[in-house]
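Working notes, beginning with the structure itself.
In the text below, chain A, chain B and the rest are named by the order of the sequence lines, each starting its count at 1.
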Amino acid sequence: GTRIIYDRKFLLECRSSP
Amino acid sequence: QEIVSPESYIKHPLQNKWSLWFFKNDKTKTWQANLRLISKFDTVEDFWALYNHIQLSSNLISGCDYSLFKDGIEPMWEDERNKRGGRWLITLNKQQRRQDLDRFWLETLLCLVGEAFDDYSDEVCGAVVNIRTKGDKIAIWTADFDNREAITHIGRVYKERLGIPMKMTIGYQSHSDTATKSGSTTKNKFVV
């Protein structure tokens, strides 16, 4: 199957989103 | 009627469900009694909710650990998924608690939840940070110390993500060697 990969930039952006 | 984009309310699922554990060294209790499961999560948003809520590693007292492991794997050598495994070990000097510890640990967490090692991410069991007076340690634990290809890939990516200079090396040690060592150092099975 497909692996769900998130790069660090995306993960860090999610931190500040509501 | 207001149309709300799914982007604004659907959480981003992770490939794996993860458990965060906390260890506090109380010498009146057994090792296992000192280990507590804090919480589990399987979305990016829930990861941050937990991370934002807990103390930074650098604020913990000596003897404490955080461990992040895939759901179903306990953060100990004895677990079925760990017992043939080992760890990429980052040893920090005392100055690095202020400079690098929190940054390195967060980067380690992002590598795990983001599946930074591509298909070799399946070899990852978890990661541990040990807060110790003599020097803190951070490690990524993998499942099989014979899996050279996976281990070296994970080690190279991890070293790059932490920004460790090319000329410095990090070592991988099997848990069985760590458990049976006689001196203060364990021999490296792999180095990158």
Side-chain angles (χ1 to χ4, degrees), chain A, chain B residues 4-18 20 41-54 56 68 70-71 102-124 127 140 150 153-154 157-164:
Chain A
T2 5
R3 181 177 299 278
I4 307 170
I5 295 172
Y6 297 112
D7 62 24
R8 73 186 303 279
K9 181 171 173 285
F10 177 84
L11 290 170
L12 290 167
E13 281 168 2
C14 286
R15 186 179 190 180
S16 47
S17 65
Chain B
V4 181
S5 150
E7 284 294 300
S8 64
Y9 60 86
I10 295 178
K11 293 178 181 178
H12 294 83
L14 299 174
Q15 176 70 30
N16 284 287
K17 181 184 264 190
W18 298 88
L20 184 71
F41 58 85
D42 59 6
T43 68
V44 176
E45 287 76 8
D46 291 345
F47 160 69
W48 283 120
L50 178 59
Y51 180 84
N52 292 337
H53 179 73
I54 60 172
L56 288 171
L68 186 77
K70 286 176 181 168
D71 189 30
D102 295 327
R103 190 167 61 80
F104 278 10
W105 178 239
L106 177 57
E107 199 62 39
T108 305
L109 298 176
L110 298 181
C111 284
L112 265 53
V113 302
E115 306 279 319
F117 312 112
D118 302 300
D119 283 345
Y120 296 115
S121 292
D122 289 339
E123 278 291 308
V124 172
I140 288 185
H153 178 84
I154 291 167
V157 171
Y158 187 39
K159 186 180 167 184
E160 191 188 327
R161 286 283 296 257
L162 294 182
I164 294 174

- Are A/Tyr6 and B/Gln15 side-chain neighbours, meaning at least one heavy-atom pair lies under 4.5 Å? no
- Query: If you look at every heavy atom in A/Cys14 and B/Val44, which pair is closest and at what distance?
  - Reply: CB-CG1, 3.6 Å
- Ignoring hydrogens and angles, tell me if any N or O in the side chain of B/Trp48 forms a donor-acceptor pair with the backbone of A/Leu12 under 3.5 Å. no
- Message: Within this structure, what is the CD-CZ distance for the pair B/Glu107 and A/Arg8, rounded to the nearest 0.5 Å?
- Response: 4.0 Å
- Task: Sort B/Phe47 into side chain, backbone, both or neither according to what part of it lies under 4.5 angstrom from a heavy atom of chain A.
- Result: neither
- Item | For B/Glu115 against A/Ile4, the heavy-atom pair lying closest together | CG-O, 3.4 Å
- Message: With chain A as the partner, which of B/Val113, B/Leu106, B/Asn16, B/Asp122 has the greatest number of non-hydrogen pairs under 4.5 Å?
- Response: B/Asp122
- Using a strict 4.0 Å threshold on nitrogen-to-oxygen distance, state whether A/Arg3 and B/Asp119 make a salt bridge. yes
